[in-house]
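In what follows, a structure is listed as structure tokens, so that the remarks can point back to it.
What you are looking at is a predicted structure, and each value in this text was computed from that prediction instead of being measured.
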Amino acid sequence: MTMLHDLQVDRIKHEVDLVALIRESGIELTRMGRDWVGRCEFHGDGKDTRPSLHVTAERGLWHCFGCAKGGDAFTWVMLREGLSFPDAKRWLL
């Protein structure tokens with residue numbers, strides 16, 4: 001990876017509003033303290049009685065305690081859209 005690539009990745013991570021990005025997927029997020037919570041779409045069994053998806057906006061990270069998936073905005077887009085990392089980067093630009 002080049003220094004330019006690293007700078008672009010850091011800039012995207014800093015500029016992307018992860019809560020807004022996840023809400024664009026149709027997931028309702030509710031504030032819970034400093035985090036946001038909602039029902040994860042990745043394990044999609046529809047049986048969640050409580051929100052299993054936790055989003056820590058200030059750190060730009062998400063994690064689902066139901067299916068153990070998690071990551072940052074890139075990971076979200078890669079899983080949601082079925083994209084590779086370079087394609088997710090272009091998608092987020």
Side-chain angles (χ1 to χ4, degrees):
M1 287 192 217
T2 66
M3 187 181 217
L4 178 60
H5 170 79
D6 293 342
L7 290 173
Q8 284 179 328
V9 169
D10 288 343
R11 182 179 59 86
I12 292 168
K13 283 183 182 182
H14 179 70
E15 291 178 0
V16 168
D17 179 344
L18 188 57
V19 171
L21 177 67
I22 292 172
R23 282 182 167 164
E24 285 175 14
S25 302
I27 295 176
E28 184 178 326
L29 294 176
T30 306
R31 185 118 189 157
M32 180 187 248
R34 292 184 351 199
D35 291 343
W36 295 82
V37 296
R39 296 185 182 185
C40 179
E41 69 176 28
F42 295 122
H43 56 272
D45 54 17
K47 298 177 184 175
D48 281 345
T49 56
R50 293 190 221 175
S52 58
L53 178 68
H54 289 247
V55 181
T56 306
E58 66 189 36
R59 295 182 65 205
L61 298 173
W62 64 275
H63 179 80
C64 174
F65 290 95
C67 64
K69 290 185 170 107
D72 57 16
F74 293 100
T75 310
W76 181 266
V77 171
M78 289 166 62
L79 289 170
R80 177 91 164 82
E81 304 296 328
L83 299 174
S84 65
F85 182 83
D87 289 337
K89 184 174 127 183
R90 281 188 284 279
W91 194 94
L92 287 165
L93 282 174

Contacts under 3.5 angstrom, residues 23-30 side chains, donor-acceptor by atom type, not counting sequence neighbours:
residue	atom	partner	partner atom	Å
Arg23	NH2	Leu29	O	3.0
Ser25	OG	Trp76	NE1	3.2
Ser25	OG	Arg80	NE	2.9

The side chain to side chain donor-acceptor pair (under 3.5 Å) partners of Asp87 (sequence neighbours excluded) come to Ser84, Arg90
- Task: Would you sort out whether Asp35 and Val55 count as a side chain to side chain contact (heavy atoms under 4.5 Å, CB included), showing the intermediate values?
- Result: CA-CA 6 Å; Asp35 291 343; Val55 181; over 6 Å; no
Give the table of side-chain donor-acceptor pairs shorter than 3.5 Å for residues 58-69, with sequence neighbours excluded, one pair per line with atom names and distance.
residue	atom	partner	partner atom	Å
Glu58	OE2	Arg34	NH2	3.2
Trp62	NE1	Asp72	O	3.0

Tracing side-chain contacts under 4.5 Å among Ile, Leu, Val, Met, Phe, Trp and Tyr outward from Val37 reaches Met32
Contacts of Arg11 meeting side chain to side chain donor-acceptor pair (under 3.5 Å) (sequence neighbours excluded), chain-then-number -> Glu15
Rounding to 0.5 Å, atoms CH2 (Trp36) and NE2 (His54) come to a distance of 14.0 Å
Closest non-hydrogen atoms of Met78 and Ala88, given as atom of the first, atom of the second and distance, are CG-CB, 3.5 Å
_Does Val9 form a side chain to side chain contact (heavy atoms under 4.5 Å, CB included) with Lys89? I'd like the steps, not just the answer._
CA-CA 7 Å; Val9 169; Lys89 184 174 127 183; 4.3 Å; yes
Applying side-chain contact (heavy atoms from CB on, under 4.5 Å) to Ala73 and not counting sequence neighbours gives Val16, Leu18, Leu21, Leu92
